[in-house]
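Written out below as structure tokens is the structure these notes cover.
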Amino acid sequence: MEIYSVPANLAVSDSGFMFLSSTGETFTLNEIGQTIFKLIQQGNSLKEIEDKILFDYDINQPSLEKDLTDFIKQLLAYKLLEAK
Amino acid sequence: MKIAVTGLNATDNPGPGVPVIRSLRDVPNFDGKIIGLVYDSLEPGIYKEGLVDRCYQIPFPSSGLDHLFERIKYVNEIEKIDLLIPTLDSELYSFVKMQDKLKAIGIKTFLPTLEQLNIRGKDKLFDFCKENGIKVPKNILVTSINDLQKIPNQLNYPAVIKGIFYEAYVVNNFDEAVTAFGRLSIKWGFPIIVQEYIKGDEFNVVALGDGRGNTIGAVAMKKLYITEKGKGWSGITIDDICILSVSKKVIEKTKWRSGMELEFIKNLKTNEYYLLEINPRFPAWVYLAPAAGQNLPYALVRLANGEEVISFEKYEIGKMFVRCAWDLISDIKFLEQITVKGEC
């Protein structure tokens, strides 16, 4: 069960604006990105996030699984997330 | 207290004089007088209302130290200057050489020694960094076009061709290198520095050393927008421990006595920081430092006055600056006065 955490040098505002204070880089999350990121911050595992999104949104599981994996990969690549 | 400041050329290649004065004026209950010293009657800083109390034109250092000193002596007879803060690279050697003479007529400075100034020169930086375990791009010094032939052997294209004081060009082949060499040698003299090109993001640090190896303050900034001239037009404070510790190491090793700016590049491939340059004065973006909680220009004034200054421990992260081109409206009378009388 994969669980991720938010790096200490990342500031995330309610609007989904992210500021990585060690590099000065900024990023913006869209609405679904914000929802997923909040679930990560709350300590949910990928499986738990998947279940919640499937419940709240009209999306099939294979698509969600693929999109979620891609999203996590991007967050990790930009150092916006750390594997616990 | 009367403080004279140079570098009021707030143009698209801005000097640090205006932000240094702005930092001082931001100090609560600041009751000093600011004397602007300009080389050109159109330096924008003197046209900004409320920035300087008086201004005087001074001769370029290239016209001779005696000439420059005589003019400052004249200004001092009228104004009784307490402290002089030179802010431009090209004039620093002259003011460092004049330190004792200035002191003799009652003008304090807070400057490095000639030796310290030389250590961080663009032509000496490579050796200093190697000796102190600081990562620095490879470089070679050239004084003739024939020397440029060494580039493919010792470095690869693209390479960076830099003037001894200012300006740099990224060149992709021998022909471009020759053109850049010609431009820079005419303008800034020799040697010309050929530096390894490193692709990555630029980061800068503004810092102040007390002359005993201590860092009084240091603020790190990432450039968010860079002009065609390579000038940071927008930036944000960051909390990168790596470049701050390198900056403190430089101040400790050189026992730096003044403000300084350190320019770094973060290699995109390796994520390693390379020290590109050490500028021996505050940068044009120094106002970001007081805005983030470290008024380094005012700390310099206090050090120059012999006060004990406690080092700043922290600063606000995520504080931004964005430059703005803003037309100042003036009158021909003002231009006439500074042009004809050399003072206003």
Side-chain angles (χ1 to χ4, degrees), chain A residues 1-46 48-49 52-53 65-84, chain B residues 198-206 218-226 231-248 261-274 276 283 285 288-289 291-294 313-323:
Chain A
M1 199 162 56
E2 289 168 283
I3 296 180
Y4 297 93
S5 65
V6 178
N9 56 6
L10 179 69
V12 188
S13 74
D14 290 343
S15 64
F17 187 75
M18 307 168 107
F19 172 57
L20 203 50
S21 66
S22 57
T23 64
E25 290 169 292
T26 56
F27 305 84
T28 312
L29 292 171
N30 65 11
E31 196 185 326
I32 185 67
Q34 288 177 51
T35 305
I36 294 169
F37 203 82
K38 272 178 193 157
L39 291 168
I40 294 169
Q41 282 177 306
Q42 287 161 10
N44 292 287
S45 69
L46 271 192
E48 287 166 335
I49 294 170
K52 286 179 199 291
I53 299 289
E65 213 175 296
K66 183 186 171 301
D67 288 350
L68 194 57
T69 308
D70 286 349
F71 182 57
I72 299 290
K73 271 185 193 167
Q74 276 195 46
L75 293 173
L76 288 168
Y78 287 119
K79 297 187 169 54
L80 303 172
L81 218 55
E82 289 168 344
K84 255 188 183 175
Chain B
I198 293 171
K199 196 171 183 182
D201 290 325
E202 289 182 38
F203 296 83
N204 294 39
V205 173
V206 56
V219 174
M221 179 272 286
K222 156 95 184 290
K223 287 182 183 176
L224 294 179
Y225 186 87
I226 300 170
K231 304 295 163 191
W233 211 249
S234 175
I236 190 163
T237 55
I238 58 167
D239 66 351
D240 192 293
I241 296 161
C242 178
I243 56 176
L244 287 170
S245 65
V246 171
S247 305
K248 285 175 184 171
E261 180 193 30
L262 300 101
E263 299 184 11
F264 295 88
I265 196 152
K266 191 177 186 181
N267 191 318
L268 265 185
K269 287 182 191 162
T270 63
N271 276 334
E272 288 173 316
Y273 285 105
Y274 286 76
L276 293 180
W285 57 272
L288 186 64
Q294 294 194 7
E313 295 284 319
K314 55 183 181 177
Y315 58 89
E316 194 180 332
I317 308 299
K319 195 57 107 178
M320 280 179 67
F321 81 88
V322 182
R323 289 215 173 106

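Values reported hereafter were calculated over all heavy atoms of this structure, with side chains retained and with hydrogens, waters and symmetry mates removed.
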Taking atom [atom1] as the centre, does [X] end up with more than 12 heavy-atom neighbours from other residues, nucleotides or ligands that are less than 6.0 angstrom away?
X        : atom1 : value
B:Ile241 : CD1   : no
A:Glu31  : CD    : no
A:Phe17  : CZ    : yes
A:Asp70  : CG    : yes

| query | Do the side chains of B:Asn271 and A:Lys79 get nearer than 4.5 Å, heavy atoms only? | reply | yes
| query | What heavy-atom pair brings A:Phe19 and B:Ile317 nearest, and what distance separates the two atoms? | reply |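 Scanning both residues, the minimum pair turns out to be CE2-CG2, 3.8 Å.
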| What part of A:Thr23 lies closer than 4.5 angstrom to a heavy atom of chain B: side chain, backbone, both or neither? |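 Its backbone and side chain both get close to chain B.
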| Leading residue by heavy atom contact count with chain A [cutoff under 4.5 Å; candidates B:Ile236, B:Asp201, B:Ile243] |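 Of the options given, most contacts go to B:Ile236.
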| task | Identify which part of B:Lys266 has an atom lying under 4.5 Å from any heavy atom of chain A, answering side chain, backbone, both or neither. | result | side chain
| request: Heavy-atom distances under 4.5 Å only: say whether B:Leu224 touches chain A with side chain, backbone, both or neither. | output: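 Just the side chain, heavy atoms under 4.5 Å.
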| field | Atom pair OG (A:Ser22) and CG (B:Asp240), whose distance is rounded to the nearest 0.5 Å | value |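 A:Ser22 atom OG to B:Asp240 atom CG measures 6.5 Å (nearest 0.5 Å).
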